[in-house]
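Comments concern the structure below.
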Amino acid sequence: MLKRAQVIICTGVFIVGGFCQAQKSILIGDLKDKQTTQPIPYAHIIFTGTKYGTTANDKGRFLLEVDSTLLDENVRISCIGYQSKVLPSNELSNSVIYLTPMVEKLEQVVLYDHKDKEHSRTLNPFSGKQWVGLGNFSGGAYPSVLARYYPNDFKTDENVYLDEVTVYLNAPYKWETKFKLRVFSANNDLSPAEDLLRSNLVIQTHKSQRKIKISLAEYGIKVPENGFFIAVEHLFILENQYEEQLDLRVGDSLYHDVKTMRYGPIFRGVQEKPDASNAYYRSNQGWKSMNKLKLSGQGNTFKNGKSVSPAFKVKVVY
């Protein structure tokens, strides 16, 4: 049965014809460093059992509109450099949440001048492949991460360091957006492991920008034996919001022109062979291989059965 109705999906609440099916609660709070009491910007607040969440702003403040039935559900609060915290969502309202900085033995940062390096290599695995757009793999429900694996196949006795990453945007934007760049080591099964970039690296895009070159030279990241992942992380903040319309099926009914909130930027990706296993996305339940996704519908330019991965150009020096 086809229907035309004013259907709005925004922050997880479903409204048809102006009638809201569930009561809503608004959770507002602040995230601070337990040691310094300074705000923690761009941390994620995500439900552990439900696909829903948000990001704190640059001042560490968050606002989350939720179905009241979720107030007893747990949320995980996480940010690079801090111990994650899990607590019932009803403890978030009108409160200050303190996160404890991680205390860990960090490897010595190796400072180098790229001009002194005799050799460099550019990794460009997407050359000649078909472009696709990669947006919120959570459907706009919670912040997610898109990561691509690069093997350590450098035949040299010298240490190899990450020097530069180029991130490509799917289309020129009419507004500025922000995202996080992350670097991970790889587990023995070649899935993402721990952060190699130990601090938040928030990247600002500009109007009409198609690609962004990001220097990593100052971080002294040595390529691990198992290889590494380059990743981009969406931030669910006000300046990244945009509205998208699509068709939505609920049971036997199909609703047209459904409005849903999304968060930019949309990154460029490429189509891969169906058995490709070089890309992952992080859901609210952990890392998942992108070759297991079967996406179709409005706004997708690739077919079922195809695997996709983000398109990054990586420069290393040695």
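The residues of the chain are indexed from 1 along the displayed sequence.
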Closest contact, heavy atoms only, K207 versus E176 = N-CG, 4.2 Å
Do NZ/NE/NH1/NH2 and the carboxylate oxygens of D195 and R182 come within less than 4.0 Å?
-> yes
Please answer whether the main-chain N or O of F228 pairs with a side-chain N or O of N152 as donor and acceptor at a distance below 3.5 Å.
-> no
Contacts of S283 meeting side chain to side chain contact (heavy atoms under 4.5 Å, CB included) (sequence neighbours excluded), chain-then-number -> Y142, Y281, Q285, K288
May I ask you to decide if E194's main-chain N or O and S185's side chain share a donor-acceptor pair within less than 3.5 Å?
-> yes
Should H44 and S78 be marked as a side chain to side chain donor-acceptor pair (under 3.5 Å) after you check the CA-CA gap, both sets of side-chain angles, and the distance that decides it?
-> CA-CA 5 Å; H44 292 319; S78 61; over 6 Å; no
Take F229 and W287 through the ring pair (Phe, Tyr, Trp, His ring centres under 6.0 Å) test and state the conclusion after the steps.
-> CA-CA 12 Å; F229 283 85; W287 290 104; 7.1 Å; no
L27 vs I45 side-chain heavy atoms within contact, under 4.5 Å | no
Main-chain N/O of S138 paired to N136 side chain as donor or acceptor, under 3.5 Å = no
Euclidean distance, I214 CD1 relative to K315 NZ, rounded to 0.5 Å | 14.5 Å
Would you mind checking if E164 and K313 are paired as a salt bridge, meaning a charged N to carboxylate O distance below 4.0 Å?
-> no
Heavy-atom side-chain proximity of Y219 to L196 below 4.5 angstrom = no
Steps toward side chain to side chain donor-acceptor pair (under 3.5 Å) verdict (T48, R76) | CA-CA 6 Å; T48 58; R76 175 178 286 106; 5.8 Å; no
Indicate the atoms forming the closest heavy-atom contact of K180 with C79, along with that distance.
-> NZ-SG, 4.2 Å
All side-chain hydrogen bond (donor to acceptor under 3.5 Å, both in side chains) counterparts of D33, not counting sequence neighbours | Y82
Got a sec: does the NZ of K129 have more than 12 other heavy atoms crowding it under 6.0 Å?
-> yes
Inspect the surroundings of CG in N188 and state if more than 12 heavy atoms from other residues, nucleotides or ligands are less than 6.0 Å away.
-> no
Which pair of non-hydrogen atoms, one from V270 and one from V132, has the smallest distance, and what is that distance?
-> N-CG2, 3.8 Å
Any salt bridge between D163 and R121, counting N to O under 4.0 Å?
-> no
Would I40 and I77 count as a side chain to side chain contact (heavy atoms under 4.5 Å, CB included) if you check the C-alpha gap in whole Å, the side-chain angles of each, and the deciding distance to 0.1 Å?
-> CA-CA 11 Å; I40 302 176; I77 303 174; over 6 Å; no
For D30 and I97, run side chain to side chain contact (heavy atoms under 4.5 Å, CB included): C-alpha distance rounded to whole Å, both residues' side-chain angles, the deciding distance at 0.1 Å, then the answer.
-> CA-CA 6 Å; D30 295 278; I97 308 298; over 6 Å; no
May I ask you to test the F62-L31 pair for a side-chain heavy-atom distance under 4.5 Å?
-> yes
Considering only heavy atoms from C-beta outward, does the side chain of V232 approach that of V167 to under 4.5 Å?
-> yes
Identify the two heavy atoms, one from L99 and one from Q83, that lie closest to each other, and give their separation to 0.1 Å.
-> CD2-O, 4.1 Å
Give the minimum heavy-atom separation between Y280 and D189, together with the two atoms involved.
-> OH-O, 4.3 Å
So with a 6.0 Å cut-off around CD of E225, is the heavy-atom count from everything else above 12?
-> no
Mark yes or no for whether T55, through its side chain, and F236, through its backbone, hold a donor-acceptor pair below 3.5 Å.
-> yes
What residue among V75, L71, L70, V66 forms side chain to side chain contact (heavy atoms under 4.5 Å, CB included) with N90?
-> L71
Quick one: list whatever passes salt bridge (charged side-chain N to carboxylate O under 4.0 Å, His left out) with K178, sequence neighbours left out.
-> E239
Looking at F137, F267, Y263, F179, which hits ring pair (Phe, Tyr, Trp, His ring centres under 6.0 Å) with H234?
-> F267
Should Y150 and V314 count as side-chain neighbours, where that means a heavy-atom distance under 4.5 Å?
-> yes
Are E158 and K222 within salt-bridge range, i.e. N to O under 4.0 Å?
-> no
